[in-house]
Each structure stands twice: as C-alpha cells, then as structure tokens.
Novice: 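Okay, handing you the structure first.
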Amino acid sequence: MGEAETYESFLLTLTVKREDRWDFGFMELMGERAGAIVMRLFVHAFRPRQWKSNISCMFCTSSPLGCATKKLGQAYPTGDVSASSSTGAADVEIRGYTVIREGEAKILMPSCNTVFYNKAQINNRDISIAVLRAFISRCKEEYAARLNINERFKNEEKEGNEGGEKRSRTFGPIVLEALAASGLRAIRYAREVDEITQVVAIDNDKASIEICKKNIQLNGSETCSKVSAHIGDARVYMLTHPKEFDAVDLDPYGSPSVFLDSAVQTIADGGLLMCTATDLAVLCGEDGDVCYSRYGCYPLKGKYCHEMALRILLACIESHANRYKRFIVPILSVYMDYYIRVFVRIYTSPSATKMTTLKLSYIYQCVGCDSFHLQSVGRATTKNNVVRYGPAFGPTVPQACSDCGNHFCVGGPIWSDPIHDQGWVQTILEDVRSMKERYPAYDRICSVLTAISEELSDVPLFLCLHNLCGTLKCTTPSSSAFQCVVSNAGYRISGTHINPLGFKSNAPMHIIWDIMRCWIKDHPLKYRPPGEPGTIILAKEPTLLVNFYQAASNHGKARAKKTARFTPNPERNWGPKLRAGRLIKSKHISLLGHQQTDEVHLEDTERN
C-alpha cells in the first residue's frame, strides 16, 4: 500500500440492479491500482451470481485515471475514458456519458444533445441554494412565532417530565422543480439544503426523466428518499396540486410566461417562487409587441433595459397572482450573464391586492436625451381613516422634454416598488461568506450580492454616466467624484449590479443636468453642433453650482469593502447553449467550447 498511496485518491461506486431496485455501495480507495484490484474482486464475486439471477452491475470511479463503467463479463475499458476540468466540477466522459460534478451532486449526461445542461447556470444554482437556505431559516422563525413555540415548549417539557407525551413541531419544506431536465438542480437542493424534506422534479421529456432518475440513483439512498421524478406537463401538475409546495423553481429555456399562472396557484401561503427568464431580447425592447403579448408590458430601449426586464417580469407575476387574490413580495432580483432571476414570496390577501396599482408605473423616456420619468398607475387617498384607491393623476411630464425639447416614448407598466429586500440580501450574503467552500461559484455570487447590497432599492431604473457625457459630447468625470458631488448636493446615489457604469439616484433630472453643466464649465467643449439635444441642454445656465475638484479631494481613495463587484467570465463561450434535441452543426460552434468545436469540424470533414 505504500506505493499505492502516492496516487490520487478516488471513489469507487458499485451499482447493483435487482428487480428495479438499486443498491449503492461506496468505497474510498487510495490509488488506481488498489481500485483495479478491488474491482476485479467484485467482478469475480458477482459473475456467478449474475449468470444465475441476471444482475447488472456498474462500476464508476471519480478519478480521471480510473474512470470506467463496467458490466460483469465485459472487458475493462481503458481507451474510452477521458476527463476535463470545469468551474466547480470535474467532468469525465464514460462511454457516451459525461460524469459532471457540481457542488455535492454528480450526474450522468449523454454526450449527444438529448438532455439540456448548461455549465454557465452554476451561478444560478448557487444563488438559488443560498436564497433557499435563508428562506427556510426565515420560515422557521415565522413558524415558531405563529405557534408561540417557546412558551409551549416549556409547558410540554414540564408535562413530559410528569410522564406526558411531547408534541414535536417541525417545518419541512417541499420544493418543486417544474422543469427538471437532468435533475441536477433538484439533486443539489436535496443534498445541500439540509432542511428540505422532499423535492419533486417534473419534465415532459421522456429522455430527460430517464436521465433524471438515473442521476437520482447515482447520488445515493438519501437522495432517493428525498427526490422523486415524474414525467408530465408542469402546468397540469401545478394546477392539480394547489398551495402544496413551499418553494417552486421555474427555469425554462426561454420565457416563463406560460408557467406563471399555474405556479402562483401551487405555492403555499408565504411560499417562495424562483423564476428565470432568458428571452432578454424580447424583454429589453427588441420585439415590443412580443413582450406585450407574453408579459403585458411594453419595453423601451435604454441603458436600464435589463433592470426594466426584471421589473416587467415582477409586474407579470403580480398580475397573475392578483387573479387569485394573492400578491408578491420581492426578495431578490438579479441580472447575471444572459438571464434574469427573481425570488418572490407569495401571500394571500384580497385587501392587499388593491395596492397593486401603487406598485406599478408607466415610463416616459425622452428620445433625445437620457431623461426618463415615472407615472404611477394608481393613487391612494385617506378619508375618515378609510383608504380608497383610484386612478393616478397625470401626465407627470409635458408634451415635450423640458431638458432638450424632444418628445417622449411611453412604456410599461412596470414594477416600480423595490425589487430587493435589503434585510434578506444581507442575510444571504452573510450565509454565503460563512459557507464559502460549499459554493462552487462563490466569487461571482458574492460579487453580485455585494453590489446589490449597496443599491438604492427604492429608486427605479438607473442612469449611465457615459451616456450622459455622450449626449453632451464631453469628457467623462470620474465615477467617484460624480457620486460625491451628488451626495454633497443633498441627494442619495449608489451603483447598480447590472452595469458597472450605471448609478441610481433620487436626484431629479434637472439636478443631474446642472451637475453636468458645472463639469463642462471646468472642461469646455471646442465645438457644439447646433440643434443637438446636448447643445440645447447646455444653452441653459445651471441653477445648482458644484465643485468637482473639491469633491474629488474629499472623496476617499478606496471603498471600505475590498470586494469585486463585477468579475469576468471564468472561460470562453460562457453563455446560452442549444436547446436539447437540436442537431449540432458548424453554425453553432460559437456556443460550444474548443473540444466540441473541433469535433464538429471533424464530423463535417468526414461527411464531405
């Protein structure tokens, strides 16, 4: 064993199938040679029994050198094994399958594109696990408060000492993954969130459910006891299980709009809805008519389009919830990579749904400059201690922009209430930092959560400093000096997790333009094109005088928190992948890595 100890340790997995029941044996071994010896012993021990009872066995190891899948009576494969490393996972190819490890889960994925899997979604899965942990912790506190469990526990303990039976009350959340695919997300929930009692995985694709069931079995008996996979339409399943699940995860390929109506009905009161949308071209204004047909909101093109996409999705979920006398409370709303992700709690209250119009607003966007204004859909009035709701007064803007004289485009209605709960964000961020080793994408989700924790949650949308300077055709001041000037003027300002050049502020647009006029007085322009929006804006004298040099000298040289807010992608081709079942051709190589790109070229060459 002394010689074997110099090799990399790996895990040998024995899978035995008997009458559709799978038993698992796990054995930690040191070195590839020791693993090969034990594997041969198993082969010789089980071969006679296999011949008599037709038992099929599969041997898998996690070592890149010793990876193999072996059926009894067949030769030990040595040339068909390859391995590659990835972010937070070790991928190993075994006879038409790839063993993918992510977090505490491992799954088998077909080498062909029959079941969807995207490595870039590791950020999505990690942040979902962090939110689930915080959600369960908060639910436990709420559950204890409702039952007044502290006082009852003392009384029950006294009764137990006298011989009486104690009553145990526990909160065991049930999670539904409506679009399971390979089942990786459901397996990670079951293995990494300890308090979860049951995870239900649904998919209408037969190949996906077959792989999902294999992956559940591959992760051991504990996972099998928690996770169950079913084939069927997720919408029908959710409609037939009203208010049954404490958390529902929607992560479709494209738009989630067709699942929202059934999703808001299947969640228990106070439950959590986790929803992803990847159709950002539609949500960001490329196809406004399509966006209106899907989400009931008309988008506008602008630098804030990704935050507007988050607010359109929240408004759509609220609209579906109101139909069943329910409403939403956003916990966290994130834009990452190529998708948006929202986490909302759903409650039932007919009276609270009347306040929905106060949470929605229309957008007036100037076509000449970056000015935008919000118009609330409704208003509330109080008379004799009775609150009444009615339509808002408007419009809030004149026919032409007061800054540059151009007309406005109207979009919405969008969600104009806060899209984050800063108390939740701080709790989630502390949990992530305390369990750094349990999050494969720790750097990315920590940077995003840090940026969100610094946002002004009550300020809808944001401006981009470079766009302001582009309108005025001037040089750009430093972001730190600009933020200090706005703060000295008595207004709040912060960054945004969506755009490193964006800022949120409660300062009105005429104050922002006054600050830029003061900047240009210190940095005059050589030429002002006549008739341009920037020229019209600069023709007015500023009503607010500021000093950029004094602001820059008073501003600190570094932020208090030494944490990156925006991190680069860990590898090339980090983005969306092909839909499952589509034939991979040469035109898709931009979505694939180098290895698969070479394989595509080789296949095309052989066909030609």
Side-chain angles (χ1 to χ4, degrees), residues 254-257 276-316 333-342 360-377 394-416 419 455 459-473 476 495-505 508-509 512-513 516 529 531-534 536-537 566 575-576:
S255 173
S257 58
T276 302
T278 59
D279 56 335
L280 291 190
V282 172
L283 286 166
C284 292
E286 190 65 29
D287 295 300
D289 52 345
V290 178
C291 182
Y292 188 82
S293 65
R294 291 180 182 176
Y295 300 97
C297 301
Y298 206 95
L300 297 177
K301 292 184 179 181
K303 279 295 181 180
Y304 53 70
C305 62
H306 293 105
E307 181 177 338
M308 183 183 63
L310 286 168
R311 296 181 179 276
I312 288 176
L313 180 57
L314 290 173
C316 184
S333 305
V334 182
Y335 163 71
M336 269 195 305
D337 297 329
Y338 58 93
Y339 57 87
I340 57 175
R341 178 84 162 167
V342 297
L360 304 176
S361 297
Y362 291 99
I363 315 172
Y364 291 91
Q365 172 68 59
C366 177
V367 299
C369 62
D370 292 309
S371 301
F372 65 86
H373 305 271
L374 297 181
Q375 166 70 65
S376 178
V377 174
T396 57
V397 295
Q399 188 69 25
C401 178
S402 59
D403 296 313
C404 68
N406 284 278
H407 60 274
F408 290 96
C409 285
V410 183
I414 65 169
W415 182 270
S416 54
I419 61 176
E455 282 188 6
V459 177
L461 307 181
F462 62 89
L463 293 168
C464 182
L465 187 58
H466 283 204
N467 270 39
L468 297 177
C469 295
T471 301
L472 301 178
K473 304 295 189 295
T476 306
T496 172
H497 79 281
I498 295 175
N499 191 332
L501 304 175
F503 67 90
K504 288 174 168 285
S505 177
M509 283 306 304
I512 298 296
W513 289 125
M516 294 307 300
E532 292 289 329
I536 299 174
I537 293 173
F566 299 90

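All residue numbers refer to positions in the sequence shown, counting from 1.
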Novice: Determine whether a donor-acceptor pair (N or O, by modelled atom type, separation under 3.5 Å) exists between the side chain of Asp287 and the backbone of Asp289.
Specialist: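 Judged by distance alone, no pair lies under 3.5 Å.
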Novice: Taking all heavy atoms of Gly254 and all of Thr278, pick out the closest pair and write down the distance.
Specialist: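 Result for this residue pair: N-OG1, 2.9 Å.
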Novice: Can you tell if the side chain of Leu374 reaches within under 4.5 Å of the side chain of Thr396, non-hydrogen atoms only?
Specialist: no
Novice: First locate atom OH of Tyr362, then atom OG of Ser376, and finally report the distance between them rounded to the nearest 0.5 Å.
Specialist: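 Atom-to-atom, Tyr362:OH and Ser376:OG are 10.0 Å apart.
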Novice: For residues Phe408 and Cys401, determine if any side-chain heavy atom of one lies less than 4.5 Å from a side-chain heavy atom of the other.
Specialist: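 The answer is yes; the side chains approach within 4.5 Å.
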Novice: Decide yes or no on side-chain contact (heavy atoms from CB on, under 4.5 Å) for Glu286 and Cys291, but give the supporting numbers first.
Specialist: CA-CA 9 Å; Glu286 190 65 29; Cys291 182; over 6 Å; no
Novice: Would you give the length of the straight line joining atom CD1 of Ile363 to atom CZ of Phe372, rounded to the nearest 0.5 angstrom?
Specialist: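 One finds 8.0 Å between CD1 of Ile363 and CZ of Phe372.
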Novice: Answer whether the closest heavy-atom distance between the side chains of Phe503 and Thr496 falls below 4.5 Å.
Specialist: no
Novice: When you compare the side chain of Asp279 with that of Arg294, does any pair of heavy atoms fall below 4.5 Å?
Specialist: yes
Novice: Rounded to the nearest 0.5 Å, how far does CZ of Phe462 lie from CD1 of Ile498?
Specialist: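 The CZ atom of Phe462 is 5.0 Å from CD1 of Ile498, to the nearest 0.5 Å.
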Novice: Check Tyr298 against Tyr292 and note the closest heavy-atom contact, atom names and distance.
Specialist: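 It is N-CD1, 4.0 Å.
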Novice: Look up atom CG in Asn467 and atom CG in Leu472, then write down how far apart they are to the nearest 0.5 Å.
Specialist: 11.0 Å
Novice: Closest approach of Asn406 and Gly368, non-hydrogen atoms and distance?
Specialist: ND2-CA, 3.6 Å
Novice: So which heavy atom on Ser416 is nearest to which on Pro460, and how close?
Specialist: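 In this case the closest contact between Ser416 and Pro460 is O-CG, 3.5 Å.
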Novice: For residues Ser255 and Tyr295, determine if any side-chain heavy atom of one lies less than 4.5 Å from a side-chain heavy atom of the other.
Specialist: yes
Novice: Check Glu307 against Val459 and note the closest heavy-atom contact, atom names and distance.
Specialist: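 The answer is OE2-O, 4.1 Å.
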Novice: With heavy-atom distances below 4.5 Å as the criterion, would you say the side chains of Trp513 and Ser371 are in contact?
Specialist: yes
Novice: With a 4.5 Å limit on heavy-atom distance, are the side chains of His306 and Cys284 in contact?
Specialist: yes
Novice: With Cys297, which of Leu313, Leu360, Ile312, Leu283 fulfils side chain to side chain contact (heavy atoms under 4.5 Å, CB included)?
Specialist: Ile312
Novice: Please give me the minimum heavy-atom distance between Lys504 and Gly495, naming the atom from each residue.
Specialist: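 So the minimum-distance heavy-atom pair works out to CD-O, 4.2 Å.
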Novice: May I ask you to decide whether Asp370 forms a salt bridge with Lys303, counting only side-chain N to carboxylate O separations under 4.0 Å?
Specialist: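 Salt bridge absent between Asp370 and Lys303.
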Novice: Can you tell me how far apart CD1 (Ile537) and SG (Cys369) are? Round to the nearest 0.5 Å.
Specialist: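 If we round to the nearest 0.5 Å, Ile537:CD1 and Cys369:SG are 4.5 Å apart.
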Novice: Any side-chain heavy atom of Met336 sitting closer than 4.5 Å to one from Arg341?
Specialist: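 The answer is no, as the side chains (C-beta and beyond) never meet within the 4.5 Å cut-off.
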Novice: Answer yes or no: is there a donor N or O on one side and an acceptor on the other, between the side chain of His407 and the main chain of Val367, under 3.5 Å?
Specialist: no
Novice: Let me confirm one number: the CZ-OG distance from Arg311 to Ser333, rounded to the nearest 0.5 Å.
Specialist: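 That separation rounds to 8.0 Å.
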Novice: Please check: side-chain N/O of Gln375 versus main-chain N/O of Tyr364, any donor-acceptor pairing under 3.5 Å?
Specialist: no
